[in-house]
Amino acid sequence: MKAVMTASRPPEGRPYVRMNGAGNAFIMVQAFDRPFHPSADQVRALADPAAGLGGFDQLIGVEPSESADAFMRVWNADGSMVETCGNALRCVGWLLLEATDKDEVVIDTAAGPTTARRAPGPVGLGDPAESTTAAHQQVTVDMGAPRLDWTQVPLAEEMDTRGIELQVGPIDAPVLHTPGAVSMGNPHVVFFTDRQDDAFVRGSGSLIEHHPLFPEGVNVGFAKVLDRGHIRLRVWERGAGLTLACGTGACAALVATARRGLTDRRARVTVDGGELTIDWDEATSHVFMTGPVAVEGTGFLPAALSDCG
Ligand SMILES: N[C@H](CCC[C@H](N)C(=O)O)C(=O)O
C-alpha cells in the first residue's frame, strides 16, 4: 500500500482544453508561451486512445500572430497538417472573445484570415449572455469566399466544378455521379444523395478521400437536400474519417447545392452532432457559418508528448 501511495505521478505535461463544435472533437493547445509543433507521429500518438485524451478529430494549436488575434494551426488525427477547420474556428473564436472582451476577433490560418463574433443563441436556451457554459454559445465565423476554380480545389485536370466526372472504382451507384467540388481553403467534394447510411458513407468516402483526381486528398460530403433552406449532411473527413460535424464541409455543401440551384444561398445544415447555419453572402461572396461551441473539459498532455517545440 505504501509503495502505491508513494508512487510518483509522472510530471504533468502541457495543459489542453477539450472542446467540440457541433460534435466535431478537438484538443486545443495554447502555444502563446512556447511553440507547439508536434510531428505527424506525435499527433497520431496523441490521437491514440492509449494517450488518455479520449481521441479527437483535430488537434489545434493556438499561436501568436503579428496580424491577427491568434494563428490557428490544424492537424488531423492521422497526423496531417491542414489549412483550416471551420468548427475549430468557432471554438478558438469563442476562447478569444472570452479572453479579450472584444466584439470580434481575427483568427489567421494557413488558408487566410477569418473573423469570429458572438451570435444570438438558439431559441429556448435562455440568454447566452447569462450562459455559464460555452454549450449555449453560438459563434459566427466569416469563412471568406469559396474557391471555385478547378485549380483551386485542386483537381488533377480541368473540369467544371459545379458537376465533376468522377468514376469511383467498382461502385457504380448513380448517386455518386457529378458531385460538386469546392475549396474553403481545404478541398471538398459534395455528392447530392439520399444515401447517407454509415456503410455507404464510410465505404465510398474512404475510397474517394485519396482518389487521384484530388492531388491533395479531399473531404467527402454527402448532402441530402430536404428543401431550399435545409440540408442534411454527413462528411467523411480527409485525415479523420466520419465525424459528427465538418464546418468547412457544411460551407462547401451549401455552396455546391446553391450553385446547382438546389438551395437558396442560406440554409440550415443538420449534421450528426447538431445544427449549423450557412449564409453565402451575395454582395461579398463570403460564406458565414453560425453554430455552437462547447467546452468539455481540461487536462494535461502526456509529459512525453508535451515538449513538441
Ligand atoms: N479534415 C479537414 C480539416 C478539418 C475540417 C473540419 N473539421 C471543419 O470543421 O472544417 C481537412 O483535412 O481538410
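Counting convention: from 1, in listed order, for ligands and their atoms alike. Nothing fancy with the numbering, it's 1 onward along the sequence. Worth saying up front: this structure is predicted, and the values here are computed from it rather than measured.
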- salt_bridge(R44, D78) N-O dist < 4.0 Å: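 No, R44 and D78 are not salt-bridged.
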
Check whether [X] reaches the backbone of [Y] with its side chain - one donor and one acceptor, N or O, closer than 3.5 Å.
X    : Y    : value
R232 : T270 : yes
Q152 : P154 : no
R18  : L53  : yes
R14  : F300 : no

Any nitrogen or oxygen of [X], main chain or side chain, under 3.5 Å from a nitrogen or oxygen of ligand 1?
X    : answer
T84  : no
N87  : yes
G247 : yes

- Among all protein non-hydrogen atoms, which one is nearest to atom 5 (C) of ligand 1, and what is the separation to 0.1 Å?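 Atom 5 (C) of ligand 1 sits closest to the protein heavy atom E237 OE1, 3.5 Å.
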
- Query: Any idea which protein heavy atom is nearest atom 7 (N) of ligand 1, and the distance to it?
  - Reply: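 Among all protein heavy atoms, the one nearest atom 7 (N) of ligand 1 is N24 OD1, 2.7 Å.
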
- Message: Measuring from atom 2 (C) of ligand 1, which candidate in N219, D57, V82, D78 has the nearest non-hydrogen atom?
- Response: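 Minimum heavy-atom distance to atom 2 (C) of ligand 1 goes to N219.
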
- Tell me which part of N76 gets within contact of ligand 1: side chain, backbone, both or neither, using heavy atoms under 4.0 Å.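 Near ligand 1, N76 shows its side chain, while the N, CA, C and O stay back.
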
- Query: Counting only heavy atoms, which portion of M184 has something under 4.0 Å from ligand 1: side chain, backbone, both, or neither?
  - Reply: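 Contact part for M184 vs ligand 1: neither.
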
- Query: Would one find more than 12 heavy atoms of other residues, nucleotides or ligands at under 6.0 Å from atom CG of D198?
  - Reply: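 Yes, enclosed.
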
- Message: Suppose I only count heavy atoms of N186 and a 4.0 Å limit; which atoms of ligand 1 are within that range?
- Response: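 Checking each atom against N186, I get 2 (C), 11 (C), 13 (O).
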
- Item | Atoms of ligand 1, numbered as shown, that sit under 4.0 Å from any heavy atom of G86 |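 Atoms satisfying the 4.0 Å criterion: 8 (C), 9 (O), 10 (O).
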
- How are the rings of F222 and F191 set to each other: parallel, tilted or perpendicular (split at 30° and 60°)?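 The arrangement is parallel - the two ring planes meet at less than 30°.
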
- Query: For ligand 1, is there an atom lying under 4.0 Å from some heavy atom of A240?
  - Reply: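 In this structure, A240 fails to qualify as a contact of ligand 1 - no heavy atom is under 4.0 Å.
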
- Query: Can you find a side-chain donor-acceptor pair between Q58 and W75 that sits under 3.5 Å?
  - Reply: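 There is no such pair (donor and acceptor under 3.5 Å, judged by atom type) between the side chains of Q58 and W75.
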
